[in-house]
Amino acid sequence: MPDLRRDHHCGELGTPQIGQTVTLNGWAHRVRDLGGLIFIELRDRSGVVQVAFNPQETPEAHALAAQVRSEYVLGVRGVVRRRPEGTVNPNLKTGEVEVAGEALEILNPAKPLPFPIADEEIHVEESTRLRYRYLDLRRAPMQRLLELRHQVTSAVREFLNGEGFWEIETPLLMKSTPEGARDYLVPSRVNPGEFYALPQSPQLLKQTLMVSGVERYYQLARCLRDEDLRADRQPEHTQVDMEMSFVTRDDIFDVTERLWQHVFRKTLGVELALPFPRLTYAEAMARYGSDKPDLRFGLELVDVSSLVAETEFKVFAATVAAGGQVKGINAKGCGSFSRKEIDDLVEMSKEYGAKGLAYVIVEAGGLRSPIAKFFREEQLAALAAAMNAEPGDLLLFVADQPEVVANALGRLRVHLGRQLGLIPSGEFCFLWVVDFPLFEYKPEEGRYTFMHNPVSAPHPEHLPLLEAGWHTDAAPGSPAHPWTQALSLQYDLVLNGSEVASGSIRNHRAEVQKQIFAILGMDPGLAGFLLEAFEYGAPPHGGIAPGLDRIVAIMGGADSIRDVIAFPKTASATDLMMGAPSPVDPKQLQELHIRVVPPPGAKQD
RNA sequence: GGACCAGUAGCGUAGCGGUUUAACGCGCAUGCCUGUCACGCAUGAGAUCGCGGGUUCGAAUCCCGUCUGGUCCGCCA
């Protein structure tokens, strides 16, 4: 370590330290060489302070200071003094004082940087930031996010420890499962031809821990999935994985709500109101067309099926007759949209699966629309009334099967909310979505699959529907089928339109779990050991797994979860800093008993 | 797997209705400058216009392909 070892941090200096000799270590944030005087802004994690070097007072230090460039690493000793009259910098936390540099040591020079560290508002290609992630993380906005994430995890641990949870680690080398997401595989050298899988989540193991009598478990667990990426999806993400025994759904809601209340209070000073509102899945889909509705704005979906069933507009009438529905949203004040703007919305709704988007412009004199001619006067009036239409509004309608309508209008709703600036910033709108269907019918596979995961328990009163499903006359997938009707004790936590946690009360009775596997046509596979464990006294249990990356990103106002992950991957799952993934030495492959068969057209080395 | 957007000195951009020494700001280098704080002033270096092919007398500019990054759909909790 250098001679000049720090005894203070840059950002903590102020008028109370005036007169003290301090030693600082840090980076040259900005350098201003006036020919005589040299000012160096010195930065460490705590902040920035100005150091002044005077050629008359300390010629040696001054001569060295003249060599300092941006981001040189320095040791500085000097006396804290009040800045001369008129030179106080109100933009700097330490701006009332400066350090009169007496001794300077260059601990390490730095090459000119690929992008500036000192400017907070920089526009640099994200690939450049990722290539030089160590420099990107040096920037103040990124440091703030790193610190926020640290504070959040620390508050999470503090709270859960206080509630009697035990933090327990589970293995990274697990067993592959065919269902759900694609696994990352790790070849076994010792067992030729066999593979481990990296965990998609510790789901089965945390349930196993309940059988072990742990009662309250948590882990900041890394979860890995080999699927395509998005702005809010990385190949590895972190969950606050929790599981509890002898609890009801409300117990889990209560702990989770108080957890985030504690975290928001400790880290942001924001007071969350409890309890969080709840919506059933059915209501969320009906009113917002989404199972993760953003409640920070309105634009709710309105069902007008009954109003249009008898009209001459065949698209609407036929859809309703065929068991579909017609729903609309009222884009308030968008009646002035240009033809192109409306066409864009139509195009977008098609992207989201709708066959089309009907629109009606509300004018003072009446309704203007290409489809108006198919409606009688009173039908139009009823439609306008149902949509709460006022002159200047734009009404948008989709007719289709309920899932399609919900998806298209739900996404259109979010798009319009953003486009119209209806979404207030700085608000944190949590809500529970409850009563998810237990199963989901996949027409293309002709079978039922699980909605969330296969371990979610059915609603107790829907338990008989499991058995009834084997004997029904109802067509698979139809609304009348018992398995379509069965609701589960699964729940999601939604924050500002993002799903930030998911959980359920689990099946703890082996026969119920086996029944569900049978309905899903699933081999228990990996879960076999859990089923066995259930036969040795499994407590009722349930849990939840909040996604840390998404929550921290929302808390910190980051655009992407990449900004709250220290070393994230690109959209093609590569790491631009370390250059992963990469080919490996043939010897390594040999040891693993693996031969690579490149796809046709792949790049050769 | 598909759609769209972007790629021009270290960074951010302009040029893209074809022909110029490829322009501007920041950064960098050198010199000057003793109260600056995005210091200032002057001079200068720095670009095979992502890559490959094609059209043309002539391509950063038009066409095709490809790579990389991003957003979205599919996929995924």
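What you see below is based on every heavy atom in this structure, not just the backbone, and it leaves out hydrogens, waters and symmetry mates. First the proteins, then the strands, lettered A, B, ... as listed; each starts at 1.
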* Considering only atom P, compute the distance from B:U13 to B:U21 and round it to an integer number of Å. => 28 Å
Could you identify the nucleotide paired to [N], looking across every strand shown and requiring Watson-Crick or G-U wobble geometry with both distances under 3.5 Å?
N: B:U61; value: none
N: B:G44; value: B:C28
N: B:U20; value: none

* Asked: Considering only heavy atoms and no angle criterion, is a donor-acceptor pair shorter than 3.5 Å present between the side chain of A:R230 and the base of B:G74?
  -> yes
* Can you find an N or O donor on one side and an acceptor on the other, under 3.5 Å apart, linking the side chain of A:R225 with the base of B:C75? -> no
* Quick one: do the A:H452 and A:S504 side chains pair a donor with an acceptor below 3.5 Å? ->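 No, A:S504 and A:H452 have no side-chain donor paired with an acceptor closer than 3.5 Å.
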* Side chains of A:H8 and A:E12: donor-acceptor distance under 3.5 Å anywhere? ->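 A:E12 and A:H8 do not have a side-chain donor-acceptor pair below 3.5 Å.
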* Would you please name every residue forming a side chain to side chain donor-acceptor pair (under 3.5 Å) with A:T94, sequence neighbours left out? => none
* So which one's nearest nucleotide on RNA chain B is more toward 5', A:R69 or A:L576? ->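 Nearer the 5' end of the strand: A:R69.
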* Taking the nucleotide of RNA chain B with the closest heavy atom to each, which residue, A:S560 or A:D228, is nearer the 5' end? ->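 Closer to the 5' end of RNA chain B: A:S560.
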* Nearest-nucleotide pick for A:Q239, side chain only, options being B:A77, B:C11, B:C76 -> B:A77
* Asked: Roughly, in whole Å, what's the span from NZ in A:K350 to P in B:G74?
  ->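 Answer to the nearest Å: 18 Å.
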* Asked: Does any N or O in the side chain of A:R149 come within less than 3.5 Å of the main-chain N or O of A:V564, such that one atom is a donor and the other an acceptor?
  ->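 Yes: the side chain of A:R149 pairs with the backbone of A:V564.
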* Structure fact -> Readout for nucleotides 35-45 of chain B: B = base within 4.0 Å of protein heavy atom, S = sugar-phosphate only, - = neither; 5' to 3' it is BBBSB------
* Asked: Which of parallel (below 30°), tilted (30 to 60°) and perpendicular (above 60°) describes A:F276 and A:W432?
  -> tilted
* For A:A566, which residues count as a side chain to side chain contact (heavy atoms under 4.5 Å, CB included) partner, sequence neighbours excluded? ->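 A:A566 satisfies side chain to side chain contact (heavy atoms under 4.5 Å, CB included) with A:L137, A:L146 only.
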